[in-house]
Amino acid sequence: MEYNFAKIEKDAKDKWAKEEVYKVSNDSAKPKAYILDMFPYPSGAGLHVGHPLGYIASDIYARYKRLCGYNVLHPMGFDAFGLPAEQYALETGQHPAVTTEKNIARYREQLDNIGFCYDWSREVRTSDPNYYKWTQWIFLQLFQSWYDRKENKARPIKELVAIFETEGNGSVPCPGEEKLHFDSARWKNYSEKEQRDVLMQYRLAYQGYAQVWWCEALGTVLANDEVVNGVSERGSHPVERKNMRQWFLRITEYAERLIDSLDKLEWSDAMKEMQRNWIGKSNGAEVRFDLSPAISVSVFTTRPDTIFGVDFLVLAPEHALVDDITTPEQKAAIEEYKTYVKSRSERERMSEVKQVTGCFTGAYAIHPITEKQVPVWISEYVLAGYGTGAIMAVPSGDERDHAFAKHFSIPVTNIFGDKYTGEEAYSSKTGIIENSDFLSGMSVADATESLIKKLEELGSGTRKINYRLRDAGFSRQRYWGEPFPIIYIDGIPYGTDEPVIHNEHKLGTLPVELPHVDNYKPGPEGQGPLANIEDWVETDAGERETNTMPGYAGSSWYFLRYMDPHNDTEFASRKATDYWNQVDLYIGGTEHAVGHLLYSRMWTKALHDLGYLSFDEPFKKLLNQGMIQGSSRFVHKIDLFFYTGPSGNATPLPVHNYNIFISYGKKKEAESNNNVARELMVEVCRLANIEIECLDNNVSINTSSSRVAVDLVDGLELKMESFKEWRTENLSAKFITEDDGKFICGAEVEKMSKSKYNVVNPDDIVAQYGADTFRMYEMFLGPIDVSKPWDTKGIEGVHRFLKKLWRLYADEQQGLIVTDEAATEAELRTLHKTIKKIGEDIERFSFNTSVSQFMICVNELSGCHKRAVLEPLAVVICPFAPHIAEELWLKLGNTGSVVNAAFPKYEERYVAENSKKYPVAVNGKTRAEMEFQLDAEQSAIEQAVLADEAIVKWMEGKPVKKFIYVKNKMINVVV
RNA sequence: GCCCUGGUGGCGGAAUUGGUAGACGCGCAGGACUUAAAAUCCUGUUUGCUGCAAGGCGAGUACGGGUUCAAUUCCCGUCUGGGGCACCA
């Protein structure tokens with residue numbers, strides 16, 4: 001009876017399915033554990049070998065916790081709304097609902113194949129109306145709430161209205177429009193529209209304006225991903241930044257709490273750091289510069305102490321005041337510059353700092369302290385979305401300001417004395433401020449305080465905390481997302497849950513179902529496709545919002561739905577959320593470090609504030625698995641030869657259309673060696689049947705690389721025949737190979753994705769080696785949190801290990817060979833050490849070393865067929881290789897399932913050591929190895945060591961300066 | 001450009017809290033079994049010098065410095081791979 005993994009795994013899966021062993025109840029006396037994976041977006045490429053890395057880790061942990069007696073919630077679902085399905089629909093006409101369904105079915109099959117212990121009865125799909133009903137419901141809670149800064153929590157908007165009615169907004173400053181002030185009388189005099197406009201400035205979900213990529217030719221808004229090299233990915237049309245009305249979530253109100261409560265989370269420091277940086281809290285001041293009695297510009301600065309070094313102001317080109325302040329002479333130049341900026345992404349604007357651009361508005365502002373005239377410029381390095389969208393430039397103290405001043409020859413005021421050389425800015429916060437009137441001679445900290453005081457006296461500035469975090473854009477002009485439960489009546493947006501005065505119509509119930517469409521073309525004026533469906537948009541009460549929610553809407557709360565997935569009166573019952581509470585372990589990639597994780601945290605806090613949840617952080621412990629990258633393969637096609645003939649002119653020889661590919665090694669050679677290049681050119685002419693009159697002197701080649709599917713490549717060697725058949729245009733391909741006839745591809749490590757042709761499907765691995773091998777191999781690859789390119793090399797070793805394990809229990813001829821013979825001391829030591837190590841390794845998520853330990857264990861147990869050792873071992877390995885564990889468990893005569901067994905406890909007496917072989921060093925260099933009892937006295941050890949021949953030799957007769965003995969570690973003699 | 005993160009044999013990696021660098025596996029080399037192959041098992045495998053051998057001596061964790069009795073581990077600087085940068089998910 002050999003290790004027939006295919007049969008073993010099928011039997012185990014059938015049994016688990018039949019007995020519903022993974023179904024978990026909300027009622028249990030056991031302690032709970034909630035172990036969650038970041039659910040996948042079901043892409044058309046299917047699951048690749050990178051996805052399961054985290055899933056296997058969480059599966060091992062979930063199974064282990066279960067064996068340890070926990071009631072474990074370990075669910076899975078699908079993040080099913082998103083852009084790729086819609087793009088695919090645009091290309092092929094297939095409805096996203098259809099392709100999504102198909103992709104989910106494929107994912108499910110692939111996941112099942114690997115043998116995860118998910119409770120599929122709790123599956124959620126964000127595109128299911130029964131699910132997004134509650135996404136819409138939560139949106140309405142956010143829409144109907146505001147943030148009370150005094151109580152530091154979200155509250156219902158009707159409580160805000162009550163405040164307005166009694167006292168106006170004096171005690172509740174408006175987050176959306178700081179200058180808005182009114183008393184109760186004025187509030188009551190507002191029209192309904194005016195009142196709702198005011199409320200909009202307070203709501204946690206609100207409407208505002210944002211810059212988006214706009215493509216005139218496609219008539220649509222594009223995602224950053226859809227803009228490649230400054231043009232649309234689809235059709236290569238020009239694009240520009242355009243301001244459009246959008247929905248937002250007022251996450252900035254939560255900035256402080258999102259920073260503060262990071263402290264109570266068991267997340268990696270790196271992850272917390274990324275969130276802190278993303279939120280980007282900075283202390284500083286807001287300073288007002290007047291341009292005229294009517295016009296002033298506020299700037300935010302983290303260095304108010306440098307105010308005497310201000311040589312100019314810079315506004316973001318999109319700043320609202322630019323048009324008002326620009327002088328007639330500068331109008332044309334400013335317009336031209338603004339047009340240029342419209343074509344630039346934020347990324348480009350931030351990263352290309354060496355390329356200084358900008359334009360003078362012609363206007364001057366008055367310095368609030370010196371009252372000097374300061375020129376006002378605009379430049380792309382100032383972003384509209386950060387701070388006030390305007391800065392005071394201090395070239396002697398800021399790199400970018402300095403570069404700007406130098407580029408435009410603006411005189412620089414030095415406020416740092418010798419520290420500023422004139423060559424580069426002095427941006428350090430150490431030192432003394434000089435040349436600064438009453439601030440001269442002060443440290444940065446003191447000068448900051450004095451200046452803020454002065455500004456506040458003058459009324460031209462104030463202390464200010466600024467966050468880099470921006471409110472989250474929450475609408476997309478797309479089809480495949482959650483519709484908003486919003487209806488416009490006379491242009492005013494209402495939530496579908498509110499009673500509307502003067503309107504007898506009911507606004508409707510949730511869910512607002514996504515209507516079916518026949519095409520996915522954008523609506524008029526850049527609206528989403530929903531705008532095309534008139535009889536959906538038009539209701540008796542008013543018009544529906546035609547935007548849809550972004551991809552992250554559904555994923556911001558899905559972990560709550562798993563707790564009570566079939567509830568149709570609440571998003572989840574309070575009993576269920578109280579019981580399961582926070583996610584105890586959340587596993588996913590760092591690519592979600594700031595998006596998904598931040599939004600989920602905000603939603604949880606808002607739901608907590610509004611009284612729907614008892615906890616205000618969703619994920620107690622977070623583990624980031626590294627990304628399994630693809631290793632892409634490239635072929636290089638020869639495009640062009642240049643050769644220098646007798647005339648001395650470079651002559652181009654275009655050979656692109658001859659489909660000649662050059663092996664990687666040859667290409668490298670030809671690039672560095674002119675003789676090789678020349679031979680190569682002769683060869684190319686032969687292949688292409690070209691005759692050239694002369695070939696002289698220098699030859700160089702141009703090649704272009706393109707990706708080739710990884711399964712057409714064996715290691716780095718291209719399977720040339722398969723390559724020809726891959727695509728019709730390759731049929732005529734000719735190859736210039738290495739001298740041994742092989743064609744070698746270029747390689748590059750990058751994200752695994754369909755478009756890069758580097759996807760490896762886990763199904764293929766499972767079919768060849770079995771799920772248990774696949775699971776253990778992925779864990780064996782390395783630490784869970786480290787990224788690495790996929791490589792199948794080495795899987796044989798893990799497979800061999802499982803076969804070896806199997807042979808401890810069963811024999812090819814006799815079948816089960818387990819005996820009831822008593823185990824030896826050594827065997828028990830091996831077993832108990834393994835139990836201990838595996839338990840510890842799982843708790844610290846060191847799964848790769850667990851696999852090593854299993855290998856060591858099985859090697860040591862070679863020839864042991866004793867039940868006393870093998871039965872516990874089957875349970876210990878169950879989290880890693882559940883199928884073989886189940887089979888062995890049953891073979892040993894057990895009933896039930898190994899999934900429900902108890903994880904064995906190790907016995908101290910089998911794992912304790914009482915002596916240790918110490919490395920003995922002299923001056924830090926190991927010179928001998930000596931064994932001592934662990935409880936030996938230091939004096940005895942010292943005596944023995946100093947008497948040792950080798951040690952004496954290395955001490956060279958010098959006196960002992962220090963004797964270092966670290967128990968259970970090492971001994972060092974310093975002379 | 002900014003933020004986060006990694007860099008250890010031919011390869012994946014181990015070394016958990018500053019304490020014997022290279023566990024475990026792959027690959028490779030040699031051997032056993034076999035008519036042969038597969039499968040399985042055994043031995044060796046960081047590197048230089050040295051020795052018939054057992055061994056001995058030295059170097060070595062991207063690079064350059066530093067702290068320490070002791071550094072893969074801590075600090076400073078440099079190079080370099082990966083992820084993110086707000087409408088991919």
Side-chain angles (χ1 to χ4, degrees), chain A residues 2 38-43 79 81-84 87 210 212-213 221-227 246 268-271 273-278 280 346-354 381 385 400 468-478 550-552 555 589-596 598 624 626-627 629 749-751 753 777 780-783 785-789 791 793-798 800-801 803-804 807 812 840-841 844 846 848-849 851-856 859 862 917-926 929 961-964 966 968-975:
Chain A
E2 57 173 359
M38 287 184 187
F39 65 167
Y41 173 79
S43 94
D79 188 12
F81 275 135
L83 190 55
Q87 279 173 326
V212 291
W213 280 120
V221 173
L222 296 177
N224 287 342
D225 261 28
E226 297 175 287
V227 178
Q246 304 287 342
S268 70
D269 291 340
M271 191 61 52
E273 194 62 18
M274 274 189 263
Q275 291 228 334
R276 278 193 203 100
N277 291 337
W278 185 258
E346 266 189 29
R347 185 90 49 88
E348 289 167 326
R349 288 172 60 172
M350 285 188 294
S351 59
E352 293 166 18
V353 290
K354 288 193 181 114
Y381 81 93
R400 284 173 307 177
R468 207 177 64 96
L469 181 72
R470 306 201 290 254
D471 280 340
F474 197 67
S475 48
R476 304 288 182 262
Q477 290 68 47
R478 304 283 179 180
Y552 66 82
S555 62
T590 48
E591 65 270 24
H592 298 287
V594 285
H596 160 64
L598 211 54
N624 297 112
M627 184 173 285
Q629 291 137 331
V749 171
E750 46 189 7
K751 251 186 163 174
S753 101
Y777 180 60
F780 192 55
L781 277 176
D785 54 348
V786 171
S787 295
K788 55 225 140 198
D791 192 347
K793 208 170 62 188
I795 197 167
E796 290 283 353
V798 175
R800 244 171 251 161
F801 153 75
K803 284 198 275 190
K804 228 189 241 184
R807 284 198 303 269
E812 244 172 85
E840 287 169 356
D841 280 354
R844 68 188 177 101
S846 178
N848 56 331
T849 53
V851 178
S852 295
Q853 179 60 36
F854 280 123
M855 289 173 170
I856 293 168
N859 286 343
S862 169
K917 278 185 182 157
Y918 285 90
V920 184
V922 178
N923 280 350
K925 281 203 187 298
T926 307
E929 189 178 72
K961 210 190 266 175
K962 203 168 174 187
F963 189 91
I964 293 160
V966 184
N968 211 7
K969 295 282 187 201
M970 48 71 68
I971 294 162
N972 189 13
V973 185
V974 186
V975 295

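Chain naming here is simple, since letters A, B, ... match the order of the sequence lines and numbering starts at 1 in each. Both backbone and side-chain heavy atoms feed into the values below; hydrogens, waters and symmetry mates do not.
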Every protein N/O lying under 3.5 Å from an N/O of nucleotides 56-58 of chain B:
| unit_1 | atom_1 | unit_2 | atom_2 | d |
| --- | --- | --- | --- | --- |
| B:G58 | OP2 | A:Arg927 | NH1 | 2.9 |

Contacts of A:Asp269 that satisfy side-chain contact (heavy atoms from CB on, under 4.5 Å) - sequence neighbours left out: none
Taking the side chain as every heavy atom from C-beta outward, state whether A:Ser852 and A:Phe780 have any pair of such atoms under 4.5 Å apart. yes
Which atom of A:Asp791 lies closest to which atom of A:Tyr777, heavy atoms considered: O-OH, 2.6 Å
Would A:Arg349 and A:Glu346 count as a salt bridge (Lys or Arg N to Asp or Glu O under 4.0 Å) if you check the C-alpha gap in whole Å, the side-chain angles of each, and the deciding distance to 0.1 Å? CA-CA 5 Å; A:Arg349 288 172 60 172; A:Glu346 266 189 29; over 6 Å; no
Taking only the C1' atom of each, what is the distance from B:G48 to B:A36 in whole angstrom? 42 Å
Under the rule for ring-ring contact (aromatic ring centres under 6.0 Å, His included), what residues qualify as partners of A:Phe39, not counting sequence neighbours? A:Tyr558
What pair of heavy atoms forms the shortest contact from A:Ser555 to A:Asp79, and how long is it? CB-OD2, 4.1 Å
How close or far is atom P of B:U40 from atom CD of A:Glu796, stated in whole angstroms? 8 Å
Has A:Asn859 got a side-chain N or O lying under 4.0 Å from the OP1 or OP2 atom of B:C24? no
note: A:Phe854, atom CZ; B:C24, atom P; distance rounded to Å ~ 17 Å
Interatomic distance at P, B:U68 relative to B:U16, whole Å: 24 Å
Show the distances under 3.5 angstrom between N or O atoms of the protein and N or O atoms of nucleotides 41-45 of chain B.
| unit_1 | atom_1 | unit_2 | atom_2 | d |
| --- | --- | --- | --- | --- |
| B:C41 | OP1 | A:Arg807 | NH2 | 3.4 |

Without swapping roles, check the side chain of A:Gln275 against the backbone of A:Ala593 for a donor-acceptor pair under 3.5 Å. yes
On RNA chain B, does the nearest nucleotide to A:Gly782 precede the nearest nucleotide to A:Ser852 from the 5' side, or the other way round? Give the residue. A:Gly782
Give, for atom CG of A:Asn972 and atom OG1 of A:Thr926, the distance between the pair rounded to the nearest 0.5 Å. 8.0 Å
Determine which bases of RNA chain B form Watson-Crick or G-U wobble pairs with both distances under 3.5 Å, and write the result as a 5' to 3' dot-bracket string with | for other-strand partners. (((((((..(((......[....)))((((((.......))))))(((((....)))))..(((((..]....))))))))))))....
Would a 4.5 Å heavy-atom cut-off, applied to side chains only, mark A:Thr849 and A:Gln853 as touching? no
Could you work out the separation of B:U35 and B:U50 based on their C1' atoms and round it to a whole Å? 46 Å
A:Arg476 side chain near A:Val221 side chain, heavy-atom distance below 4.5 Å: no
With rounding to whole Å, what would you report as the distance between B:U73 and B:U67 at their P atoms? 15 Å
For A:Met970 and A:Pro919, which heavy atoms make the closest approach, and how far apart are they? CB-CG, 3.7 Å
In whole angstroms, how far is the C1' atom of B:C11 from the CG atom of A:Leu781? 12 Å
Could you tell me which residues satisfy side-chain contact (heavy atoms from CB on, under 4.5 Å) with A:Lys962, sequence neighbours excluded, listed by chain and number? A:Ile964, A:Val974
Taken in chain and number order and not counting sequence neighbours, the residues that satisfy side-chain contact (heavy atoms from CB on, under 4.5 Å) with A:Asn848 are A:Pro783, A:Ser846
To the nearest angstrom, the CD-P distance between A:Glu273 and B:C2 comes to 16 Å
Distance-only donor-acceptor test, A:Asn277 side-chain atoms vs B:C3 base atoms, 3.5 Å: no
So, taking the atom named CG in A:Leu83 and the one named OH in A:Tyr41, what distance separates them when rounded to the nearest 0.5 Å? 7.5 Å
Contact state string [nucleotides 5-10 of chain B, B base, S sugar-phosphate only, - no protein heavy atom under 4.0 Å]: S-----
I'd like the P distance from B:G25 over to B:A14, given in whole Å. 15 Å
For a quick test of reading the model: is some side-chain N or O of A:Lys803 closer than 4.0 Å to OP1 or OP2 of B:A39? no
With C1' as the reference atom in both, quote the distance from B:A32 to B:G51 in angstrom, rounded to an integer. 30 Å
Under 4.0 angstrom, heavy atoms only, what part of the nucleic acid is A:Asn972 near: base, sugar-phosphate, or nothing? base
Considering non-hydrogen atoms only, spot the tightest contact between A:Ser475 and A:Pro550 and give its length. N-CD, 4.4 Å
Measuring only the P atom in each nucleotide, how far is B:A38 from B:G19? A whole number of Å is fine. 45 Å
Spacing between A:Asn923 atom CG and B:G19 atom C1', to the nearest angstrom: 15 Å
Is there a side-chain hydrogen bond (donor to acceptor under 3.5 Å, both in side chains) between A:Thr590 and A:Asn624? Walk through the geometry before answering. CA-CA 6 Å; A:Thr590 48; A:Asn624 297 112; 5.7 Å; no
Considering only heavy side-chain atoms of A:Lys788, the closest of B:G19, B:A23, B:G13 is B:G13
Within 90° of 0 counts as syn, otherwise anti: where does B:G58 fall? anti
Roughly how many Å is it from CG in A:Asp791 to C1' in B:G13, rounded to a whole number? 13 Å
Here the pair of heavy atoms bringing A:Asn968 nearest to A:Tyr918 is N-OH, 2.9 Å
Using whole Å, what does the distance between atom C1' of nucleotide B:U68 and atom CD1 of A:Ile964 come to? 9 Å
Please list, chain by chain and in numerical order, all residues satisfying side-chain contact (heavy atoms from CB on, under 4.5 Å) with A:Lys804, sequence neighbours excluded. A:Arg807, A:Val858, A:Asn859
Can you name the atoms? Protein N/O to nucleotides 71-76 of chain B N/O, anything below 3.5 Å, with the distance.
none

Would you indicate whether the side-chain heavy atoms of A:Trp278 and A:Arg468 approach each other to under 4.5 Å? yes
Shortest non-hydrogen contact from A:Gln246 toward A:Ala210: CG-CB, 3.9 Å
Upstream residue (5' side of RNA chain B) when A:Met271 and A:Val798 are each assigned their closest nucleotide: A:Met271
Per-nucleotide protein contact string for nucleotides 81-89 of chain B, where B marks a base within reach and S marks sugar-phosphate only (heavy atoms under 4.0 Å, - for neither): -SSSBBBBB
Write down the distance separating the C1' atoms in B:A21 and B:U72, rounded off to the nearest Å. 8 Å
Whole angstrom value for the distance that separates P of B:A21 from CD of A:Glu929: 11 Å
ring-ring contact (aromatic ring centres under 6.0 Å, His included) filter on A:Tyr381, not counting sequence neighbours, yields A:Phe404
